[in-house]
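Notes follow the structure.
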Amino acid sequence: METLHFLMQGFDVATRPTNLLVALFGAFVGTIVGLLPGLGPINGVALLLPLAFALGLPPETALILLAAVYLGCEYGGRISAILLNVPGDAAAVMTTLDGYPLARQGKAGIALSLSAVSSFTGSMIATCGVVLFAPILAKWAVAFGPAEYFVLMVFAIACLGGMVGDKPVKTLLSALIGLALATVGVDSTTGVYRFTFDSVSLSDGIQFVIVVIGFFSVSEILLMLENTHNGQKAVKASGRVLFNFKEYCFTFWTMIRSSIAGFIIGVLPGAGATIASAMTYMTEKRLAGDSGKFGEGDLRGLAAPESANNASACGSLIPMLTLGVPGSGTTAVMIGALTLYNITPGPLLFEQQPDVVWGLIASLFIGNVILLVMNIPLVGLFSRMLSVPNWVLVPAITVISMVGVYAVHSTTFDLVLMIGLGVFGYILRKLDFPLSAVILGFVLGEMMEDNLRRALSISAGDLGILWGSPITLILWALAFLMLALPGIRWMRARRKAQVTGA
Amino acid sequence: MYVRLFAAIWLLFCACLAVIAWGFQAPFAYDPVGPRAYPLLLLALMAVGSAWLVFKPGEAVEMLSRRALQRAGLCILTLLAYAVLFEPLGFILSTALATFVLGLLFTGRVLPCLVSGVLMGVLLYALFDYALDVPLPLGVFEALVES
């Protein structure tokens, strides 16, 4: 009952005219950013974050904007996946498998509208999940002390290593690079300057905005240089514009199943939309067995990843709001945004800033409806955006990045640092290091060190406090399990190889 | 091969940073950990990770062609020049130049790039400075505004 009351209060915040306008704008921009190949939710949020800050938007409005962009990107990614066979963002890779064949068969309209409804179902189910579970988890998380927090963050990083799959060492190393970047600057407890190399500009650390824009926008520009496709030919959306009732019933249970699975994967720290869509697609394929035409245009193969990636996007807001630990790269950026406003995400957020939390949750519902309404009739307009040539698009991204970074401190040093980090990020990407792990590490870095040192101050230097309570023990066990996962997978693959070899 | 090279360089880099980090000492102990232990812990873990990659780099990564490398280099130089000239030349001029050069790099034709450069410089300045209240440097145009 109490929850319902808070939710109404949230709707009150979210339906203020400015917030509605911001949600509309965010949803529109998000869809465009999502459908442009290469630009994903992190880029969208990163580009708009400095703008929101410079505009002096209040925290709840800024957060609503970012959340709308996040959701919008998950909607937008499917458009280029279906019409171009190019995933608009990483999570839409699975959508191309069945979406593009459908478009080739002249069913582009059906594919687009059905995937929009799948996305809608996914986000709606997951947002209900957020409403149900977030307050409970927040209440429970109040009992967390610094030691528990520290271990929780270790678990989050271990999750990343275990779930991202085939390259655990690279993922963990990326997370460590992020953690190390966060140590630059003056040490908050003792006032000692660390890794500043006597530079004044580095003394209060590397600004969050610079890291995000450098790593994601600048490195993206360099990556785009390699494939200079100019105004690709999209499949013409022809035939029926809307799916029929039979097709909806055919995919109904797929949507429900995939949404719930996507939500659970989203809640796990570290595992994001990409994993959720891949896992649900494989599950549906297995469930369908021989009756499915997966890979040749099965509607279920389209509905599963689309509902899962939206569900996990919403689900990843739970660890962010309740624990202050990001559930995905994009929520890591959102945590950074909150810290810019001097709001520390965590269990107390529900008590201290109910407007922010419940306004955000309510705006997810509203944003979803806006996106669904916007996406079905405006698909033509959005698909035309795909023909914007790179020689206009790239300079525009560059200029907005520059302005975003310049708005923070107004120094040339920051601009050069951003490009330096961008080049470094480009090298990491070329070598197959996941960049979202770096960002996650960077966001967790300061919290992790603070909590570790606070815990050890409480125990007067006794390391035992780190595994002294049941919660910490469980988290350590889970973390080790996560770290062992790639090893177990590898062993199993080897055994299988031996069996087939013999 | 390239992963191995990167990991080796990163290992060396960690060693250098560790030497620097060794010098972090607080004049007075505020807490039992101090400013040195945590960075050293991270560096040690990173060193272990890099060492692992030196020995087991995993699948080979494909390398860029010579032409692609040249273009990437040019792009980085352009971006750096843009960053350095952002303040002295001012937003409008530096943006117009950078947009023009980047447009050419991304296989645009000369005239359209020129037009888009000028347009972007002027329009975005108006958008950010007047509509969104983000202060941007005027640079060489400052004198015009003053007089």
Side-chain angles (χ1 to χ4, degrees), chain A residues 51 54-56 166-167 169-170 172-173 176-177 179-180 183 187 189-195 218 221-222 224-226 228 230 389-396 398-400 402-403 406-407 410-412 415-416 418-419 422-423 426-427 430-432 448-449 452-454 456-457 459-461, chain B residues 2-3 6 10 17 20-21 24-28 30-35 38-39 42-43 45-46 49-50 52-53 56 58-59 61 64 68 71-72 75-76 79-80 82-84 86-87 91 95 98-100 102-108 112-113 116-117 120 124 128 132-137:
Chain A
L51 212 67
L55 275 175
D166 52 340
K167 38 194 190 219
V169 180
K170 282 182 181 173
L172 291 175
L173 193 58
L176 283 169
I177 291 173
L179 290 174
T183 59
D187 171 34
T189 332
T190 56
V192 173
Y193 288 89
R194 298 194 292 191
F195 305 123
V218 176
I221 291 167
L222 289 167
M224 284 168 111
L225 200 58
E226 283 166 28
T228 42
N230 263 332
N390 271 349
W391 57 265
V392 178
L393 185 63
V394 172
T398 315
V399 176
I400 296 172
M402 285 278 178
V403 172
Y406 191 78
S410 307
T411 59
T412 303
L415 296 176
V416 176
M418 166 188 90
I419 291 165
V423 174
Y426 174 65
I427 295 171
K430 288 307 291 179
L431 295 175
D432 234 4
M448 199 161 167
E449 183 179 13
L452 174 66
R453 287 168 73 174
R454 221 173 284 152
L456 291 177
S457 296
S459 70
Chain B
Y2 293 101
V3 175
F6 173 80
W10 198 253
L17 285 182
I20 299 172
F24 298 156
Q25 216 117 41
F28 180 78
Y30 296 90
D31 66 335
V33 183
Y38 180 74
L42 289 181
L43 287 171
L45 286 172
M46 270 205 277
S50 317
W52 178 300
L53 286 181
K56 288 191 116 163
E59 291 151 41
V61 228
L64 291 174
R71 275 156 52 92
C75 186
I76 293 168
L79 290 172
L80 272 178
Y82 185 22
V84 173
F86 195 76
E87 273 189 325
F91 177 82
T95 300
T99 306
F100 175 61
L102 280 176
L104 288 183
L105 254 179
F106 279 85
T107 63
C113 286
S116 86
M120 240 186 261
L124 286 176
F128 285 119
L132 298 177
D133 245 355
V134 181
L136 291 171

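Both backbone and side-chain heavy atoms feed into the values below; hydrogens, waters and symmetry mates do not. In what follows, chains are A, B, ... by sequence order, proteins preceding strands, each numbered from 1.
Contact between B:A83 and A:I419 at its shortest, heavy atoms only, is CB-CD1, 3.6 Å. Residues B:V84 and A:T412 share a closest heavy-atom pair of CA-CG2, 4.0 Å. The two residues A:D187 and B:P35 have their closest heavy-atom pair at OD2-CB, 3.3 Å. What you find for B:F24 and A:R194 is that their closest heavy atoms are CZ-CA, 3.4 Å. Summarising the geometry of B:T99 relative to A:P395, their closest heavy-atom pair is CG2-CB, 3.4 Å, with the distance given to 0.1 Å. Scanning all heavy atoms of the two residues, the minimum distance from A:L225 to B:R71 falls at O-NH2, 2.7 Å.
Contact of A:Y193 with chain B is made through the backbone alone, with heavy-atom distances under 4.5 Å. In this structure, the portion of B:F91 lying under 4.5 Å from any heavy atom of chain A is its side chain and not its backbone. Both the backbone and the side chain of A:V399 have a heavy atom closer than 4.5 Å to some heavy atom of chain B. Interface remark: A:V392 contributes backbone and side-chain atoms alike to the contact with chain B (heavy atom separation under 4.5 Å). Contact annotation for B:Y2: both backbone and side-chain heavy atoms come within less than 4.5 Å of a heavy atom of chain A. For chain A, no part of B:L104 is nearby; none of its heavy atoms comes within less than 4.5 Å. For A:I177, the parts lying near chain B are the backbone and the side chain together; criterion is any non-hydrogen pair under 4.5 Å. Both the backbone and the side chain of B:M46 come within less than 4.5 Å of a heavy atom in chain A. The contact between A:Y406 and chain B is made entirely by side chain atoms (from C-beta outward), counting heavy-atom distances below 4.5 Å. For A:A460, the part lying near chain B is the backbone, with the side chain staying farther off; criterion is any non-hydrogen pair under 4.5 Å.
Per-residue heavy-atom pair counts under 4.5 Å with chain B were compared for A:V423, A:V403, A:I221, and the maximum is reached by A:V403. Ranked by heavy-atom pairs under 4.5 Å with chain A, the list B:S116, B:P39, B:A68 is led by B:P39. Contacts with chain B were tallied for A:T183, A:V416, A:V394, A:L456; A:V394 has the most, counting heavy-atom pairs under 4.5 Å. Contact tally against chain B (heavy-atom pairs below 4.5 Å) for A:I400, A:L415, A:D432: the top residue is A:L415. Heavy-atom pairs under 4.5 Å with chain A peak, among B:T95, B:I20, B:L79, at B:L79.
Going from atom CE of A:M402 over to atom CG of B:L124 covers 13.0 Å, rounded to the nearest 0.5 Å. Interatomic distance, CG of A:L176 versus CG of B:L45, reported as 5.5 Å (0.5 Å rounding). In this structure, CG in A:L172 is found 10.0 Å from CH2 in B:W52, a value given to the nearest 0.5 Å. Remark: A:M224 CE to B:F106 CZ distance equals 7.0 Å, nearest 0.5 Å.
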Worked check of side-chain contact (heavy atoms from CB on, under 4.5 Å) between A:V169 and B:K56: CA-CA 10 Å; A:V169 180; B:K56 288 191 116 163; over 6 Å; no
